[in-house]
Amino acid sequence: MPELPEVEVVRRGLEAHVVGRTVARVDVLHARPVRRHLAGPDDFSTAITGRMVLAACRRGKYLWLPLDSGDALLAHLGMSGQLLVRPVDALDERHLRVRMVLDAPYELRFVDQRMFGGLAVSRGGAVGPTEIAHIARDPMDSTFDDTAFAARVRKKSSGIKRILLDQRAVSGVGNIYADEALWLARLHGDRPGSRLTRAQVHEVLAGIRQVMTSALDQGGTSFDALYVDVNGQSGYFDRSLEVYGRAGEPCRRCAAPIVRVAFMNRSSFFCPRCQPRPRLRSR
DNA sequence: ACTACGTCCTGCTTGC
DNA sequence: TGCAAGCAGGACGTAG
């Protein structure tokens, strides 16, 4: 499942292989991945055909490619999305949804099994898509304001994990890295934001940065020249996970078995000894 | 205003 | 063996 590090790896690949190229032809093979382009698939294709890609940008889990028209191609990988740079004669992937032929012997392909992700053209978005104005900066962004984030967290009654997953507060954090960061900070995800100290919030931010930096160190070099990939199933970032997916296995700090609980129609993993549940408030 | 939850998707895995 | 349920979960819309 692509979170910030995986998306950043994709951005770097796009920067290396797609920036400077012109889109020669677009095939929208499935309408759903362009559903957020409200003017429809034909308009989507027309808007990017003949345009040169000027840069590859990212905020949180969103990517966008500023075009020489002043528009931008906005992309989100969702759960299973991939942006692949593939030779023109490579066989179509089973879940190929959009093909963008470039002025090169390779093409940019959007492949997505579950189609939670998608593409859209942001009008005038080359200077920053308004569609993602509500997405917060991510913790790796030099303009991220730690102090403001701590103040915001401490005004919320929601559990800290829920806050981390809200992209309006901090972006780029998904279910996996939220669990990892909370383990590093020794905090249970149900701890209300309002009951955390400033130092604890800063510990969480440090944890997020540590796990993301580690993932980037592992993943940033694992794609080859013509293959821009992110694949949550194979999980080349999985090696260093401390809690996610380790239910029943010993905590690497204290050896207590890691616990899995249902959370927001998904799962949370934590160490019951290092990350004790918050005490229920007396009533 | 703030918070919480349901929904969208497909395919692999699990269980009867 | 076959079928159905469970599970994966980011972002958004809506309900409370």
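A, B, ... follow the sequence lines: proteins, then strands. Residue 1 opens every chain.
In this entry the distance linking NZ of Lys156(A) with P of dA4(B) reads 9 Å, nearest Å. A straight line from CD of Gln113(A) to P of dC8(B) spans 17 Å, rounded to a whole angstrom. Here the P atom of nucleotide dC2(B) and the NZ atom of Lys155(A) are 9 Å apart, to the nearest Å. Computed from coordinates, the Arg162(A) CZ to dG6(B) C1' distance equals 12 Å when rounded to whole Å. Distance Met115(A) CE to dT10(B) P: 4 Å, rounded to the nearest Å. A straight line from CG of Asp166(A) to C1' of dA1(B) spans 14 Å, rounded to a whole angstrom.
Between Asp112(A) and Leu96(A) the shortest side-chain heavy-atom distance does not fall below 4.5 Å. Considering only heavy atoms from C-beta on, Asp146(A) comes within 4.5 Å of His202(A) through its side chain. Between Pro33(A) and Leu119(A), the closest side-chain pair of non-hydrogen atoms is not below 4.5 Å. Residues Arg273(A) and Cys251(A) are not in side-chain contact: their nearest non-hydrogen atoms beyond the backbone lie 4.5 Å or more apart.
Here dA8(C) is the nucleotide among dT3(B), dA8(C), dT10(B) with the atom lying nearest to any side-chain atom of Arg260(A). Closest contact between the side chain of Arg168(A) and the listed nucleotides dG11(B), dT3(B), dT7(B) involves dT3(B). Side-chain proximity of Arg94(A) to dA4(B), dG11(B), dA8(C): nearest is dG11(B).
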(request) Show the numbers, then the answer: is there a side chain to side chain contact (heavy atoms under 4.5 Å, CB included) between Val98(A) and Asp27(A)? (result) CA-CA 6 Å; Val98(A) 181; Asp27(A) 298 332; over 6 Å; no
(request) For side chain to side chain contact (heavy atoms under 4.5 Å, CB included), just list the numbers for Phe110(A) and Leu84(A), CA-CA rounded to whole Å, side-chain angles, deciding distance to a tenth of an Å, and then say yes or no. (result) CA-CA 6 Å; Phe110(A) 183 73; Leu84(A) 307 175; over 6 Å; no
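Tracing side-chain contacts under 4.5 Å through hydrophobic residues (I, L, V, M, F, W, Y), one reaches Tyr106(A) starting from Ile48(A); they form part of the same cluster.
An OP1 or OP2 oxygen of dT10(B) is reached within less than 4.0 angstrom by no side-chain nitrogen or oxygen of Ser80(A). Under 4.0 angstrom from either OP1 or OP2 of dC8(B) there lies no side-chain N or O belonging to Arg114(A). Distances shown here put a side-chain N or O of Ser267(A) below 4.0 Å from the OP1 or OP2 atom of dA8(C). OP1 or OP2 of dC2(B) has not a single side-chain nitrogen or oxygen of Arg152(A) nearer than 4.0 Å.
If you check every strand for non-hydrogen atoms under 4.0 Å, Asn265(A) touches a base.
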Can you pull every protein N or O that's under 3.5 Å from an N or O on nucleotides 10-13 of chain C?
residue: dG10(C); atom: OP2; partner: Asn175(A); partner atom: N; Å: 3.2
residue: dG10(C); atom: OP2; partner: Arg266(A); partner atom: NH1; Å: 3.4
residue: dG10(C); atom: O3'; partner: His76(A); partner atom: NE2; Å: 3.2
residue: dG10(C); atom: N7; partner: Arg266(A); partner atom: NH1; Å: 3.3
residue: dG10(C); atom: N7; partner: Arg266(A); partner atom: NH2; Å: 3.1
residue: dA11(C); atom: OP1; partner: His76(A); partner atom: NE2; Å: 2.2
residue: dA11(C); atom: OP2; partner: Lys61(A); partner atom: NZ; Å: 3.2
residue: dA11(C); atom: OP2; partner: Gln167(A); partner atom: NE2; Å: 3.4
residue: dC12(C); atom: OP1; partner: Arg36(A); partner atom: NH2; Å: 3.0
residue: dC12(C); atom: OP1; partner: Tyr62(A); partner atom: OH; Å: 2.8
residue: dC12(C); atom: OP2; partner: His134(A); partner atom: NE2; Å: 3.1

Please list each protein N or O that sits under 3.5 Å from an N or O in nucleotides 4-6 of chain C, with the distance.
none

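Taking a cutoff of 4.0 Å between a charged side-chain nitrogen and a carboxylate oxygen, Arg123(A) and Asp43(A) qualify as a salt bridge.
Seen from the ring of Trp183(A), Arg246(A) does not count as a face-on cation partner, given the 6.0 Å and 45° thresholds.
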Per-pair distances, 0.1 Å, donor-acceptor, side chain in residues 148-157 of chain A, under 3.5 Å, sequence neighbours excluded:
residue: Arg152(A); atom: NH1; partner: Arg168(A); partner atom: O; Å: 3.2
residue: Arg154(A); atom: NH1; partner: Leu196(A); partner atom: O; Å: 2.9

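For His30(A) and Ser157(A), each mapped to the nucleotide of DNA chain B holding its nearest heavy atom, the one lying further toward the 5' end belongs to Ser157(A).
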